[in-house]
K.L.:
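Here it is, the structure, as structure tokens.
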Amino acid sequence: MIFLLLSRLSAKVPSVVYRAALIMKPQVVFVLGGPGAGKGTQCARIVENYSYTHLSAGDLLRAERSREGSEFGQLIDSYIKEGKIVPVEITINLLRKAMEDTMQIDEKKFRFLIDGFPRNEDNLQGWTTVMDGKADVKFVLFFDCSNEVCINRCLERGKSSGRTDDNRASLEKRIQTYLQSTRPIISLYEKQGKVRTVDASCGVDEVFADVKTILDKEG
Ligand code: UDP
Ligand code: MG
């Protein structure tokens with residue numbers, strides 16, 4: 001009887017160990033750049049060619065905004081229109097949950113492109129508090145683009161995007177927020193040698209060629 005019990009237990013051990021070895025720590029690339037710099041477009045291309053999962057903080061916030069019963073809908077709506085950055089408590093929980101859900105469904109999906117985050121000190125602090133030690137930030141992929149190009153692209157996108165913030169008034173605020181709050185975060189990572197910069201002012205294919213060079217080097 002005891003033997004039977006032991007043999008059953010030991011039969012379970014290897015699968016537990018095997019499973020633990022398979023669950024990898026999430027590997028994260030932060031994708032930053034001005035509004036309309038091409039983060040979303042390039043992330044979609046990356047996903048087609050590499051084993052990354054794309055999580056856009058803005059998309060997650062927009063989904064939460066329209067989720068029935070969300071207590072944050074109104075707040076998110078006004079922050080987005082004003083080009084302000086939503087308090088990190090909301091964003092980090094959406095990101096954490098999206099990462100957990102992805103890995104729960106497929107534990108081989110542990111590489112993430114986190115697009116449009118961290119955008120300010122508050123975001124960075126929230127990430128550190130919640131995710132430090134739980135995920136590795138490999139590097140920051142920075143899409144560098146002039147404000148003028150960014151604004152024109154968003155105005156063009158605004159003709160069909162239906163986004164409440166792709167209009168001149170919101171865009172001016174978004175650019176200000178980007179310059180005042182996000183650029184310092186990029187500089188901070190730059191000091192740590194963690195920023196990989198791409199000139200994002202040319203066409204999608206040209207930009208992606210540079211992205212590929214970077215990703216192929218990073219492994
Ligand atoms: N936003 C935020 N926190 C984030 C990401 C986005 O508050 O971590 C809000 C912010 O108001 C921003 C808007 O969502 O201006 C749109 O962000 P998104 O990344 O979708 O815009 P993009 O930069 O891609 O044009
Ligand atoms: Mg985007």
Side-chain angles (χ1 to χ4, degrees), residues 28-47 52-67 70 72-99 112-131 137 140-186 189 198 200-201 204 207 211:
V28 169
V29 174
F30 285 143
V31 181
L32 293 174
K39 303 181 293 289
T41 306
Q42 293 295 328
C43 282
R45 295 289 289 269
I46 295 171
V47 168
Y52 277 99
T53 299
H54 174 211
L55 298 178
S56 155
D59 287 351
L60 289 169
L61 286 167
R62 282 183 284 273
E64 176 64 17
R65 176 180 62 182
S66 47
R67 187 174 63 81
S70 167
F72 305 121
Q74 289 238 302
L75 182 147
I76 293 172
D77 194 47
S78 69
Y79 271 73
I80 286 183
K81 266 187 218 142
E82 287 303 309
K84 292 195 303 187
I85 297 158
V86 172
V88 71
E89 289 74 14
I90 298 173
T91 319
I92 196 69
N93 278 320
L94 296 172
L95 281 170
R96 184 174 48 80
K97 189 170 183 312
M99 288 168 79
F112 294 94
L113 298 165
I114 298 192
D115 156 9
F117 182 95
R119 274 174 135 92
N120 64 358
E121 276 287 348
D122 176 59
N123 276 184
L124 187 57
Q125 214 175 324
W127 172 270
T128 308
T129 307
V130 175
M131 297 305 291
V137 178
V140 173
L141 190 56
F142 170 37
F143 290 100
D144 194 11
C145 200
S146 73
N147 297 339
E148 200 195 350
V149 171
C150 282
I151 291 174
N152 287 333
R153 283 182 185 167
C154 287
L155 288 176
E156 197 54 38
R157 179 172 73 182
K159 291 177 186 167
S160 60
S161 69
R163 276 179 56 160
T164 54
D165 60 348
D166 280 344
N167 56 74
R168 199 167 278 282
S170 292
L171 269 163
E172 264 153 31
K173 294 173 187 162
R174 287 164 71 192
I175 293 279
Q176 281 315 309
T177 303
Y178 168 66
L179 295 175
Q180 277 164 18
S181 307
T182 312
R183 286 303 299 245
I185 302 299
I186 298 169
Y189 277 109
V198 177
S201 54
V204 175
V207 175
V211 169

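Quick note: numbers below take in every heavy atom, side chains included, and nothing from hydrogens, waters or symmetry partners. Indexing begins at 1, ligand by ligand and atom by atom, following the structure's order.
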K.L.:
Is it true that Arg62 lies under 4.0 Å from ligand 1, counting heavy atoms only?
P.N.:
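Distance cut 4.0 Å: Arg62 passes for ligand 1.
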K.L.:
Give me the nearest non-hydrogen protein atom to atom 14 (O) of ligand 1 as residue plus atom name, then the distance to 0.1 Å.
P.N.:
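Result: Ile80 CG1, 3.6 Å.
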K.L.:
Starting from atom 21 (O) of ligand 1, which protein heavy atom do you reach first, and at what distance in Å?
P.N.:
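Sorting protein heavy atoms by distance from atom 21 (O) of ligand 1 puts Arg163 NH2, 3.1 Å first.
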K.L.:
With atom 3 (N) of ligand 1 as the reference point, say which of Leu61, Asp122, Leu94 has the nearest heavy atom.
P.N.:
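The option holding the nearest heavy atom is Leu61.
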K.L.:
If you count the atoms of ligand 1 from 1 in the order shown, which ones are under 4.0 Å from a heavy atom of Asn123?
P.N.:
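Counting from 1, the qualifying ligand atoms are 8 (O).
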K.L.:
In ligand 1, which numbered atoms sit nearer than 4.0 Å to a non-hydrogen atom of Phe117?
P.N.:
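Per the distance check, 8 (O).
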K.L.:
If we ignore hydrogens and angles and just use 3.5 Å, is the side chain of Lys39 paired with the main-chain N or O of Gly34 as donor and acceptor?
P.N.:
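Yes: the side chain of Lys39 pairs with the backbone of Gly34.
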K.L.:
Which part of Asp115 is near ligand 1, with near meaning a heavy atom under 4.0 Å away: side chain, backbone, both or neither?
P.N.:
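Looking at Asp115 and ligand 1, no heavy atom falls under 4.0 Å.
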K.L.:
Evaluating non-hydrogen atoms only, which member of Lys81, Arg119, Arg153 is closest to atom 18 (P) of ligand 1?
P.N.:
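Of the listed residues, Arg119 has the closest heavy atom.
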K.L.:
So, are Asp166 and Arg174 salt-bridged, with charged N and O less than 4.0 Å apart?
P.N.:
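Arg174 and Asp166: salt-bridged.
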K.L.:
Considering only heavy atoms from C-beta outward, does the side chain of Ile46 approach that of His54 to under 4.5 Å?
P.N.:
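Heavy-atom side-chain distance check fails, nothing below 4.5 Å.
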K.L.:
What about Lys39: any of its N or O atoms under 3.5 Å from an N or O on ligand 1?
P.N.:
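Checking ligand 1 against Lys39, an N or O pair does fall under 3.5 Å apart.
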K.L.:
List ligand 1 atoms under 4.0 Å from Thr91, heavy atoms only on the residue side.
P.N.:
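Those qualifying, in numeric order: 8 (O).
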K.L.:
Donor-acceptor pair, Ser170 side chain versus Gly83 backbone, under 3.5 Å?
P.N.:
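Judged by distance alone, no pair lies under 3.5 Å.
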K.L.:
Treating Ser181 as the side-chain partner and Tyr178 as the backbone partner, does any N or O pair qualify as donor plus acceptor under 3.5 Å?
P.N.:
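Side chain of Ser181 to backbone of Tyr178, a donor-acceptor pair under 3.5 Å: no, none is there.
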K.L.:
Donor-acceptor pair, distance only, cut-off 3.5 Å: does the side chain of Gln42 make one with the backbone of Val204?
P.N.:
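Pair found, side chain donor or acceptor close to backbone of Val204.
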K.L.:
Would you say Val86 has any N or O atom under 3.5 Å from an N or O of ligand 1, going by distance alone?
P.N.:
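Yes, there is a polar N/O contact under 3.5 Å.
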K.L.:
Does Ser66 reach the main-chain N or O of Arg62 with its side chain, forming a donor-acceptor pair under 3.5 Å?
P.N.:
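Side chain of Ser66 to backbone of Arg62, a donor-acceptor pair under 3.5 Å: yes, one is there.
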K.L.:
Regarding Arg153 and Glu156, does a basic nitrogen lie under 4.0 Å from an acidic carboxylate oxygen?
P.N.:
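Salt bridge: no.
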K.L.:
Does any N or O atom in Lys84 lie less than 3.5 angstrom from one in ligand 1, N or O only?
P.N.:
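N/O-N/O distance below 3.5 Å exists for this pair.
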K.L.:
Which ligand 1 atoms are under 4.0 Å away from a heavy-atom of Gly116?
P.N.:
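Selected atoms, number and element: 4 (C), 5 (C), 8 (O).
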K.L.:
Would you mind telling me which of Leu141, Val31, Val211 makes a side chain to side chain contact (heavy atoms under 4.5 Å, CB included) with Cys43?
P.N.:
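For Cys43, the side chain to side chain contact (heavy atoms under 4.5 Å, CB included) test succeeds with only one of Leu141, Val31, Val211, which is Val31.
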K.L.:
So, do Gln176 and Lys173 sit near enough that their side-chain heavy atoms are less than 4.5 Å apart?
P.N.:
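No - every pair of side-chain heavy atoms lies 4.5 Å or more apart.
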K.L.:
Does any part of the side chain of Phe30, heavy atoms only, come nearer than 4.5 Å to the side chain of Arg119, both counted from C-beta?
P.N.:
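The answer is no; the side chains never approach within 4.5 Å.
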K.L.:
Output the list of atoms in ligand 1 that are nearer than 4.0 Å to some heavy atom of Gly36, sorted by atom number.
P.N.:
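Here the atoms of ligand 1 in question are 25 (O).
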K.L.:
Quick one: does Arg174 get an N or O within less than 3.5 Å of an N or O on ligand 1?
P.N.:
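In this structure, Arg174 places an N or O atom under 3.5 Å from an N or O of ligand 1.
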K.L.:
Numbering the atoms of ligand 1 from 1, which are under 4.0 Å from a heavy atom of Pro35?
P.N.:
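Near Pro35, meaning under 4.0 Å from one of its heavy atoms, ligand 1 has 23 (O), 25 (O).
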K.L.:
Under 3.5 Å, N or O to N or O, is Asp165 touching ligand 1 that way?
P.N.:
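No, there is no polar N/O contact under 3.5 Å.
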